[in-house]
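This report concerns only the one structure given below.
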Amino acid sequence: QLRDSGGGLVHTGDSLRLSCAASGRTGTRYTMAWFRQAPGKEREFVARILWSGIISDHADSVKGRFTISRDNAKNTVYLQMNSLKSEDTAVYYCAAGATKWSRDPEDFGSWGQGTQVTVSS
């Protein structure tokens, strides 16, 4: 089970840190990722990280502003979001269970419930 948290209402330029706490058999010992979905749009990849934490990858739209990290001792993945923009407004989902290095949501078998991030200008 994955539990997302940390969303909220912020202003342009502000920061937020999302957390994803994993419990049980969620397949976290592989790739974990963050996706987001804005109203009327498809779910899109935001960032991913290997279980080892050595390799991470971010979508071009967030590169340089967002950073994914993980603490395996706490079974938790984080998404630090800085310099937020109005176009970052979306529901953010944590995902786990992908057995390959993937950006495709179809490859992830476990999902958090989502946390709303709203950026107001």
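Computation of the quantities below employed the complete heavy-atom set of this structure, encompassing side-chain atoms and omitting hydrogens, waters and symmetry-equivalent molecules.
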Taking the side chain as every heavy atom from C-beta outward, state whether Gln37 and Pro105 have any atom pair closer than 4.5 Å.
-> no

Does any N or O in the side chain of Asp4 come within less than 3.5 Å of the main-chain N or O of Cys94, such that one atom is a donor and the other an acceptor?
-> yes

Same apolar cluster: Met32 and Val46, side chain cutoff 4.5 Å | yes

Check Arg70 against Asn72 and note the closest heavy-atom contact, atom names and distance.
-> NE-OD1, 2.9 Å

So, the side chain of Thr115 versus the backbone of Tyr92: is there a donor-acceptor pair under 3.5 Å, distance only?
-> no

Report yes or no: do Val119 and Val62 belong to one cluster of Ile/Leu/Val/Met/Phe/Trp/Tyr joined by side chain heavy-atom distances under 4.5 Å?
-> yes

Decide yes or no for Thr89 and Arg36: does some side-chain heavy atom of the first lie under 4.5 Å from some side-chain heavy atom of the second?
-> no

Val91, Trp111: one ILVMFWY side-chain cluster at the under-4.5 Å cut-off?
-> yes

Indicate, with yes or no, if Leu84 and Leu18 share a hydrophobic cluster defined by side-chain heavy-atom contacts under 4.5 Å among Ile, Leu, Val, Met, Phe, Trp and Tyr.
-> yes

Under-4.0 Å salt bridge between Asp60 and Lys63 | yes

Worked check of side chain to side chain contact (heavy atoms under 4.5 Å, CB included) between Asp88 and Met81 | CA-CA 9 Å; Asp88 295 319; Met81 306 187 296; over 6 Å; no

Is it true that a side-chain atom of Arg48 and a backbone atom of Ile68 form a donor plus acceptor pair closer than 3.5 Å?
-> no

When every non-hydrogen atom of Thr31 is compared with those of Lys100, the smallest separation belongs to OG1-O, 3.3 Å

Between Arg65 and Ser83, the two heavy atoms sitting closest are NH1-O, 2.9 Å

Hey, is CD on Glu87 packed in by over 12 heavy atoms from elsewhere, all under 6.0 Å?
-> yes

Looking only at atom types and distance, does a side-chain atom of Thr76 sit under 3.5 Å from a main-chain N or O of Ala21, one as donor and one as acceptor?
-> no

Here the gap from Ser121 atom OG to Lys85 atom NZ, rounded to the nearest 0.5 Å, amounts to 13.5 Å

Could you walk me through whether Ser19 and Lys74 pass the side chain to side chain contact (heavy atoms under 4.5 Å, CB included) check?
-> CA-CA 11 Å; Ser19 298; Lys74 296 182 178 179; over 6 Å; no

Check whether NZ of the Lys or CZ of the Arg Arg43 lies under 6.0 Å from the centre of the six-membered ring of Phe35 and within 45 degrees of that ring's axis.
-> no

Where is the tightest heavy-atom contact between Gln80 and Ser15, given as atom of each residue plus distance?
-> NE2-CB, 4.0 Å

Same cluster or not: are Leu50 and Leu2 linked, directly or through other Ile, Leu, Val, Met, Phe, Trp or Tyr residues, by side-chain heavy atoms under 4.5 angstrom apart?
-> no

